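Only this structure's heavy atoms are used, side chains among them; waters, hydrogens and symmetry mates stay out. This structure is a prediction, so every number in the text was calculated from the model and none was measured. The chain is numbered in sequence order, starting from 1.
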Amino acid sequence: MTTGDRLVRKRNKSKRTSALVLGTAAILSLFMLVGCSTAQPGPAEAKRSAVELLKKTEARVAVDWPGTPEPSAERCDRGVRFGYFVAVQAPTDSRAVVRELQELWRSEGLEVSPSETDFGQETGVLVSATADANGGPGAAYQLSDAALVIRVTSPCANGAIEDYEE
């Protein structure tokens with residue numbers, strides 16, 4: 001191998017190393033940008049997303065819904081979340097309600113985990129489900145012979161629960 005061949009190989013190796021370093025830096029920069037773009041919402045945005053899901057949920061089930069309740073403030077991993085709790089008399093076709101809620105929440109990108117518990121003849125069956133989405137609002141329902149209870153929670157928002165305690 002001549003001195004010229006060695007120099008060419010050394011330059012090619014140097015170019016590959018530079019390209020690898022630049023490629024790695026570009027990938028790391030992309031991950032940092034993606035991480036920054038998924039910042040937590042502010043309280044107003046978090047509440048708005050939860051109320052939007054609550055309104056869609058109410059529109060899906062034909063019962064007399066009360067007005068939108070004031071939210072409760074709850075601690076979450078990195079701030080505060082807001083919960084909306086609504087209870088109404090149980091609709092007559094409970095199986096249709098369960099189907100409608102699960103379809104709606106899945107179409108909204110939530111992962112629905114249903115369950116059913118039989119408490120015996122005196123109390124009856126309680127049908128429930130939780131529905132979660134990473135970074136978005138979540139929901140849950142409980143349905144018995146007596147009542148349908150809906151709970152919608154906002155995504156975790158910037159802030160502290162102390163800002164909302166009375």
Side-chain angles (χ1 to χ4, degrees), residues 27-166:
I27 290 170
L28 289 175
S29 296
L30 179 63
F31 282 131
M32 288 171 48
L33 287 173
V34 169
C36 292
S37 69
T38 59
Q40 272 185 185
E45 184 182 339
K47 287 179 186 179
R48 193 171 28 259
S49 68
V51 169
E52 183 180 312
L53 181 59
L54 179 61
K55 293 292 184 191
K56 287 178 181 178
T57 299
E58 291 173 342
R60 202 69 177 251
V61 180
V63 297
D64 290 327
W65 294 99
T68 303
E70 288 297 314
S72 61
E74 306 163 9
R75 282 187 212 288
C76 56
D77 291 341
R78 299 163 299 175
V80 63
R81 106 173 2 121
F82 303 95
Y84 297 84
F85 181 87
V86 181
V88 294
Q89 186 173 355
T92 54
D93 190 357
S94 61
R95 293 293 173 196
V97 169
V98 165
R99 199 171 34 259
E100 288 292 323
L101 292 176
Q102 289 182 15
E103 284 176 11
L104 168 68
W105 291 345
R106 284 187 179 109
S107 75
E108 293 291 318
L110 282 77
E111 183 177 325
V112 179
S113 301
S115 69
E116 189 172 306
T117 306
D118 188 346
F119 289 101
Q121 188 174 4
E122 191 172 311
T123 306
V125 176
L126 178 67
V127 180
S128 61
T130 58
D132 297 306
N134 189 14
Y141 68 78
Q142 287 187 329
L143 179 61
S144 68
D145 291 340
L148 169 61
V149 178
I150 302 288
R151 177 169 158 70
V152 174
T153 55
S154 75
C156 193
N158 294 323
I161 193 164
E162 292 79 16
D163 298 337
Y164 301 93
E165 290 179 336
E166 293 179 16

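- Here the closest non-hydrogen pair linking Ile150 and Val152 is CG2-CG2, 4.0 Å.
- Residues passing the salt bridge (charged side-chain N to carboxylate O under 4.0 Å, His left out) test with Glu108, sequence neighbours excluded: Lys56.
- Judged by distance alone, with hydrogens and angles left aside, the side-chain atoms of Trp105 form no donor-acceptor pair with the main-chain N or O of Ala131 at under 3.5 Å.
- Distance check: Leu54 CG to Lys47 NZ gives 14.0 Å after rounding to the nearest 0.5 Å.
- Looking at Val88 and Asp64, their side chains never come closer than 4.5 Å, going by heavy atoms from C-beta outward.
- The side chain to side chain contact (heavy atoms under 4.5 Å, CB included) test applied to Thr123 returns Phe119, not counting sequence neighbours.
- Listed by first then second residue, pairs satisfying salt bridge (Lys or Arg N to Asp or Glu O under 4.0 Å) with a partner in residues 114-129 read Arg95-Glu116, not counting sequence neighbours.
- Listed by chain and number, the residues in a salt bridge (charged side-chain N to carboxylate O under 4.0 Å, His left out) with Glu103 are Arg60 (sequence neighbours excluded).
- Residues Pro41 and Ser49 are not in side-chain contact: their nearest non-hydrogen atoms beyond the backbone lie 4.5 Å or more apart.
- Sequence neighbours left out, the pairs with a member in residues 103-163 that pass disulfide (SG to SG under 2.5 Å) are Cys76-Cys156.
- Around the CD atom of Glu162, the shell of radius 6.0 Å holds more than 12 heavy atoms that belong to other residues, nucleotides or ligands.
- Minimum interatomic distance between Thr153 and Ala50 (heavy atoms only, all atoms of both residues): C-CB, 4.0 Å.
- Every residue meeting the side chain to side chain contact (heavy atoms under 4.5 Å, CB included) condition with Thr130, not counting sequence neighbours, appears here in chain and number order: Ser113, Asp132, Ala140.
- Looking at every heavy atom in both residues, Gln102 comes nearest to Pro114 through NE2-CB, 3.3 Å.
- Rounded to the nearest 0.5 angstrom, Leu101 CG and Leu110 CG are separated by 11.5 Å.
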